[in-house]
S.K.: 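Quick one: this structure, given as structure tokens, is what I'll be asking you about.
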Amino acid sequence: MHYFCFRINGETNKQIHDKKMKYFHNDIEKKWQKIWADNQTFKASNNSEKPKYYVLDMFPYPSGAGLHVGHPLGYIASDIYARYKRHKGFNVLHPQGYDSFGLPAEQYAIQTGQHPAKTTEANIKTYRKQLDRIGFSFDWSRELRTSNADFYKHTQWIFTELFNSYYCNIDNKAFPITELVTELEKNGNAKVNSPCDEDTPQISANDWNNFSDKEKQEFLLKYRMTYLSETTVNWCAELGTVLANDEIVNGVSERGGHAVIQKKMMQWSMRISAYAQRLLDDLQGLDWPQPIKDIQTNWIGRSQGAMVSFNVIAKKERLKQSVSVFTTRPDTIFGVSFMTLAPELDLVKEITTPEQKEAVEAYIKATAKRSARDRESDVKNISGCFTGAYAEHPFTKEPIPIYIGDYVLAGYGTGAVMAVPCGDQRDYDFAKHFDLPIPNIFKDVDISENAHEDKGNTIIDNSDFLTDLPYKKAFKTVIYEMEKNGFGYKKINYRLRDAVFSRQRYWGEPFPVYYKDGMPQMIAKEHLPIRLPEVENYLPTSDGKPPLGNASVWAWDCETAAVVSNDKINNTTIFPLELNTMPGWAGSSWYFNRYMDAHNTEEFASQEALNYWQDVDLYIGGSEHATGHLLYSRFWQKFLFDLGYVPKKEFAKKLINQGMILGESAFVYRLVYTNQFISKNRFKNLLNNKNLLPKEEKLISKNWNNDEKGLIYQSIHIDVSLVNNSNELDIEAFKNWRKEYKDAEFILEDDKYIVGIEVEKMSKSKYNVVNPDLICEEYGADSLRLFEMFLGPLEQSKPWKTAGISGVYSFLKKLWKLYQIDESGVAHISEEKPSKESLKTLHKTIKKVEEDIEKFSFNTSVSTFMIAVNELTQQKCNHREILEPLLVLLSPYAPHITEELWSKLGHKTSISTVAYPVFDASHLIESNKTYPISFNGKMRFTLDLSLDLSKEDIEKAVMADERTIKQLDGKTPKKVIVVPGKIVNIVG
RNA sequence: GCUCGAGUGGCGGAAUUGGUAGACGCGCUGGAUUCAAAAUCCAGUUUUUUCGGAAGUGUGGGUUCGAUUCCCACCUCGAGUACCA
């Protein structure tokens, strides 16, 4: 009874009088979400007559904070597209899952002892609840989690496949390592052209056949697609683990912002560099955003040049040593006046003369002390040290001094450069600093101030056989000469490094690897998964081993093919297991294939499923994964393709990066040590008039400012929910928000306190997070979906302003009204032929919405819907012939309300697979055109004219118009431009 | 520094094979309805104006009958990358 009264009071007298049913989003949305789930409406079939379409979102990491309104943006877009494709007659695969291994759950475990699996499970529940409220058409029957053993079992298997493969540069693909073994048995590695470790020696068939089993394994490891090696890694002590290059931002860890140093460790690596050229080439065929392609292109960093080797001479006595350098400018070789080596190179110690030993060692020590960040930020200071050694110029045979310097990086090329000071600014600066000669090898070029770095238009000079040649010619000639003489060759170099694949963490995929005699052994596919062991403590062990070192049951019994207790290790049949785990990107590098056949227990996916779904047609996610996930996934896909496991060499045809939704942070301005708050304007005045402030205490920190009296003010983030649509603070709510503000005093302006607003990234600490649950509660999921799309172009980042949602909400209410639902829930609509006007509105809407959706221009299609509903309301249209197709058009965007109205129109089945309305151009044919009449390109008035008129008739009609005469003011126009159907321009 | 992207009302944004700049929405102003509020509806809202108009899409130039759209130079902001030899 009470509820009933409340309802009546909630309605206007007029509405009660009309006996109309109001739009109640809550009941409708819950109802349809349940119907979809119960009927498995969006379950995709692996068999269908329909063409396939695979729409995928980058799956989320289920963090403890839950979703904010920024997260679902991409999911809403992909969901609209998936639903649209269903209307268009496609068999749509639109799955969702969780990237559920990761650091936060582990750090939570370290702090609280709660098992990461438990934390993850709880977070996923929250996520799922939040996602369900938004009405996505996900096929949840295919849900996957990277931390589930039935998923990571296949991640482990892919790892063993990588281990059991090598790359052949001749066929340009990966092969099983057994084929390499056959070749080694027959011919050694003389004819093998494969990416391998740099220290790989040349061996004969005889050498190979005489190798012990261990030696063979050691040798093969140099060729495998994943290999163990002593690598210089980015070590983060705070996190107790190594980090990949893309996990480091501005020299500190992406997560947590901790210091990162270089350290040598035995690590698993992925030979992604073998795929560098293919990763580059195949970007061409991808419908991906250009910025992403550019980022990947830069990251791969292909450069063409030559490898040149310089023999080292020391005190006239020739040593065997030589220094190899990579250069993109072999044509400038006669300009070499010294060489510089990276201080870290082992070679440095070998060539340094006794006299220089002390200085060199001191320099090496000094550089090692500096962090990578220091070294990067301090580019201007030139430093280096002479080694005392000389190299011999390969052409002139002149001695060249060898220096070490930290501007040369050990990680790129060979870690050594031939310095050409006249052609490279860094070499130039180094030469000036150490007073080294700067020979000029460019014709008519002044190098007295700076190096000359142009290559296109300069002619080479003072260079023996290269003199008078332009760049291209000289480049070719010098390489020809080098190859002829055997001290150099043409070489393509890549910036892309092999990816370190080991992490010293607990919450990740365990490697299916045990160690026999120090050599890694793969566990066969049939014994997978190797499950993550239980540990007491998630921290590294006291002796510095990774967290898995805490596991007591972590040994492999080869006889029983089982994980057994560590104390049984005998190193004959029972061996220790690998202690590292895989990095976060392992599972995400192939998960898109798993959705095709998510419950297959034998294979990662069946061949039938893979051949049916092929690849992702549309992939939506953030651009922050450009050099991580999106590159590693392409690499694994190519590898699986080479071995014949997947049908496509690229996993995603089209990629869209959704922009970030920013939050509006609210600020109040407080006088420090008091509870007095000043207004935004007063605070801004203080900021702008810094000279009002006493000199000695101007700015204490970013957010602290002085007032003219020398008092300090502070801007404080406050919760955005304490502020209304006009940025006015709810003072009472604020006082209750935090107990320290209980006695807050405000200096009001017009009886209001207006907060300051700044647009920033949404984050808990800035109190600007908007929870989609609250939006769904108040306005409904349909409003949320429409509003997120309406904010602006999908790819752009844009600020969120909850106040704006009333626009789309009232749009839905207007839409509902069109259907004239009476109190008993029956729609009163006309079966008559609609007016021409209404048909025109419908068909122009069909045309525009379809064009927009194909362009992923969702914001403009929402406007189009609003225009359509405004027009139809104006036309008092209640005709089925219009209102039914309108629902289908809108249903991808606002699935709940359209399902409800669809059922109210008498339909018993879901709207989700109803055929998309067909555009009929005949409804848009016009007989008249409102011509804009311009004078010198400025529109002055419009004139309605028949479209049948000829150019001459139009001109006559325009010239006869009194407004034209007035505008011309007696002057004769020079020219009249008439574009029939478009515009008339009169040039005066 | 290099690479890429973007600059349009108070705000989010719309319009590009060059053809009516500011669609749609928010906010704001006024009005209707109401005892009142919410909700709803109507009108207005780039600037300036002597109410005839005039100017106007970061700045300066150019091409054109006509430029937010094309070209050149510059400024500002954002993203990526950073001694890559």
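Because only heavy atoms are used, hydrogens play no part in the values below, and waters and symmetry mates are left out as well, while side chains stay in. The chains referred to below are lettered A, B, ... by the order of the sequence lines, with proteins before strands, and numbering in each begins at 1. What you see is a predicted model; the values in this text were computed from it and never measured.
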S.K.: If the condition is ring pair (Phe, Tyr, Trp, His ring centres under 6.0 Å), which residues does Phe334(A) pass it with, not counting sequence neighbours?
M.R.: His393(A), Phe395(A), Phe465(A)

S.K.: Is any side-chain N of the basic residue among Lys844(A) and Glu871(A) closer than 4.0 Å to the acidic one's carboxylate O?
M.R.: yes

S.K.: By a strict heavy-atom criterion of less than 4.0 Å, which residues belonging to residues 844-857 of chain A are in contact with RNA chain B?
M.R.: none

S.K.: By side chain to side chain donor-acceptor pair (under 3.5 Å), which residues pair with His452(A), not counting sequence neighbours?
M.R.: Thr458(A)

S.K.: Can you sort out the partners of Tyr809(A) under ring pair (Phe, Tyr, Trp, His ring centres under 6.0 Å), two or more places apart, ordered by chain and number?
M.R.: His25(A), Tyr779(A)

S.K.: Tell me which nucleotide, if any, is Watson-Crick or G-U wobble paired with U57(B) when both distances must be under 3.5 Å.
M.R.: none

S.K.: Could you measure between the two C1' atoms, the one in G1(B) and the one in U46(B), and give it in whole Å?
M.R.: 40 Å

S.K.: In whole Å, I'd like the distance from the CD1 atom of Ile805(A) to the C1' atom of G27(B).
M.R.: 16 Å

S.K.: With rounding to whole Å, what would you report as the distance between U68(B) and G19(B) at their C1' atoms?
M.R.: 13 Å

S.K.: What nucleotide, of U17(B), C84(B), C4(B), holds the atom closest to the side chain of Asp294(A)?
M.R.: C4(B)

S.K.: Can you tell me the distance, in whole Å, between the CD atom of Glu795(A) and the P atom of C4(B)?
M.R.: 19 Å

S.K.: Would you indicate whether the side-chain heavy atoms of Glu664(A) and Asn768(A) approach each other to under 4.5 Å?
M.R.: no

S.K.: If A14(B) has a Watson-Crick or G-U wobble mate with both distances under 3.5 Å, name it; if not, just say none.
M.R.: none

S.K.: Pick the P atom in C26(B) and in U40(B), then give their distance to the nearest Å.
M.R.: 10 Å

S.K.: Among A85(B), U17(B), C4(B), which nucleotide sits nearest the side chain of Tyr412(A)?
M.R.: A85(B)

S.K.: Look at the side chain of Ile867(A) and decide which nucleotide, out of C24(B), G19(B), A14(B), has an atom nearest to it.
M.R.: C24(B)

S.K.: Please tell me which of the listed nucleotides, C84(B), G13(B), G19(B), lies nearest to the side chain of Arg426(A)?
M.R.: C84(B)

S.K.: Mind telling me whether G44(B) is syn or anti, cutoff 90° either side of 0?
M.R.: anti

S.K.: May I ask you to verify if any side-chain N or O of Arg495(A) is less than 4.0 angstrom from the OP1 or OP2 atom of A82(B)?
M.R.: yes

S.K.: Determine if the base of G5(B) is syn or anti; take syn to mean the glycosidic torsion is within 90° of 0.
M.R.: anti

S.K.: For Lys951(A), what residues pass the side chain to side chain donor-acceptor pair (under 3.5 Å) criterion, not counting sequence neighbours?
M.R.: none

S.K.: Mind checking who U81(B) pairs with, Watson-Crick or G-U wobble, both distances under 3.5 Å?
M.R.: G1(B)

S.K.: Using a 4.0 Å heavy-atom cut-off across all strands, classify Ser810(A) as base, sugar-phosphate, or nothing.
M.R.: sugar-phosphate

S.K.: Can you sort out the partners of Asp331(A) under salt bridge (charged side-chain N to carboxylate O under 4.0 Å, His left out), two or more places apart, ordered by chain and number?
M.R.: Arg329(A)

S.K.: Report which part of the nucleic acid Asn859(A) touches: base, sugar-phosphate, or nothing (heavy-atom distance under 4.0 Å, all strands).
M.R.: sugar-phosphate

S.K.: Among the candidates C26(B), A39(B), U20(B), find the nucleotide nearest to the side-chain atoms of Pro932(A).
M.R.: U20(B)

S.K.: Suppose you measure atom P in G61(B) against the same atom in G56(B); what distance do you get, rounded to whole Å?
M.R.: 12 Å

S.K.: Any strand is fair game: report the nucleotide pairing with U64(B) by Watson-Crick or G-U wobble, both distances under 3.5 Å, or none.
M.R.: none

S.K.: Whole Å only: how far is the NZ atom of Lys293(A) from the P atom of G5(B)?
M.R.: 13 Å

S.K.: Quick one: Asn298(A) CG to C2(B) P, roughly how many Å, whole number?
M.R.: 14 Å

S.K.: Could you let me know what U40(B) is paired to, Watson-Crick or G-U wobble, both distances under 3.5 Å, or none if it's on its own?
M.R.: A32(B)

S.K.: Using the six-membered ring wherever Trp is involved, compare the ring planes of Phe858(A) and Phe856(A) and label them parallel, tilted or perpendicular (cut-offs 30° and 60°).
M.R.: perpendicular

S.K.: Can you tell me the Watson-Crick or wobble partner of G7(B), both distances under 3.5 angstrom?
M.R.: C75(B)

S.K.: What pairs with Thr328(A) under side-chain contact (heavy atoms from CB on, under 4.5 Å), at least two apart in sequence or on another chain?
M.R.: Ser303(A), Phe326(A)

S.K.: Reading nucleotides 52-70 of chain B from the 5' end, what letters show protein touch, with B for base, S for backbone sugar-phosphate only, - for no heavy atom under 4.0 Å?
M.R.: --SSB--------BS----

S.K.: Rounded off to whole Å, could you give me the CZ-to-C1' distance for the Arg302(A) and C84(B) pair?
M.R.: 15 Å

S.K.: Map Lys814(A) and Thr864(A) onto RNA chain B by nearest heavy atom, then report which one ends up closer to the 5' terminus.
M.R.: Thr864(A)

S.K.: Roughly how far apart, to the nearest Å, are U49(B) and A43(B) at atom C1'?
M.R.: 23 Å

S.K.: If you apply the rule side chain to side chain contact (heavy atoms under 4.5 Å, CB included), what do you find for Leu286(A) with Leu655(A), and how did you get there?
M.R.: CA-CA 8 Å; Leu286(A) 293 180; Leu655(A) 172 73; over 6 Å; no

S.K.: Judged by atom type as modelled, is there a donor-acceptor pair below 3.5 Å linking the side chain of Gln425(A) to the main-chain atoms of Ala451(A)?
M.R.: yes

S.K.: With sequence neighbours left out, write down each residue that passes side chain to side chain donor-acceptor pair (under 3.5 Å) with Lys798(A), or none if nothing qualifies.
M.R.: none

S.K.: Identify the nucleotide, in any strand shown, that forms a Watson-Crick or G-U wobble pair with G52(B), with both distances under 3.5 Å; if there is none, say none.
M.R.: none

S.K.: Closest approach to the side chain of Tyr407(A), judged atom by atom: which nucleotide of C4(B), G19(B), C83(B) is it?
M.R.: C83(B)

S.K.: For Tyr494(A) and for Gly807(A), find the nucleotide of RNA chain B with the closest heavy atom, then tell me which residue's nucleotide is more 5'.
M.R.: Gly807(A)

S.K.: Would you mind telling me which of A85(B), G80(B), U40(B) lies closest to the side-chain atoms of Ile295(A)?
M.R.: G80(B)

S.K.: Can you tell me how far P of C4(B) sits from CD of Glu624(A), to the nearest Å?
M.R.: 22 Å

S.K.: Between G13(B) and U64(B), how far apart are the P atoms? Round to whole Å, please.
M.R.: 35 Å

S.K.: For the pair made of CD1 in Ile661(A) and P in G78(B), what is the distance, rounded to whole Å?
M.R.: 20 Å

S.K.: Please name all residues satisfying ring pair (Phe, Tyr, Trp, His ring centres under 6.0 Å) with Phe475(A), sequence neighbours left out, ordered by chain then number.
M.R.: Tyr471(A)

S.K.: Kindly determine whether Lys847(A) and Glu851(A) satisfy salt bridge (Lys or Arg N to Asp or Glu O under 4.0 Å), including the steps that lead there.
M.R.: CA-CA 6 Å; Lys847(A) 182 166 188 278; Glu851(A) 280 169 6; 3.3 Å; yes

S.K.: When you compare the protein's N or O atoms with those of nucleotides 8-12 of chain B, which come within less than 3.5 Å of each other, and at what distance?
M.R.:
unit_1 : atom_1 : unit_2    : atom_2 : d
G12(B) : O2'    : Leu791(A) : O      : 2.4

S.K.: Could you pull out all residues at least two apart from Tyr893(A) that satisfy ring pair (Phe, Tyr, Trp, His ring centres under 6.0 Å)?
M.R.: Phe865(A)

S.K.: Taking a pair as Watson-Crick or G-U wobble with both distances under 3.5 Å, which nucleotide is matched to A23(B)?
M.R.: none

S.K.: Check the distance between G22(B)'s C1' and Met939(A)'s CE and give it to me in whole angstrom.
M.R.: 13 Å

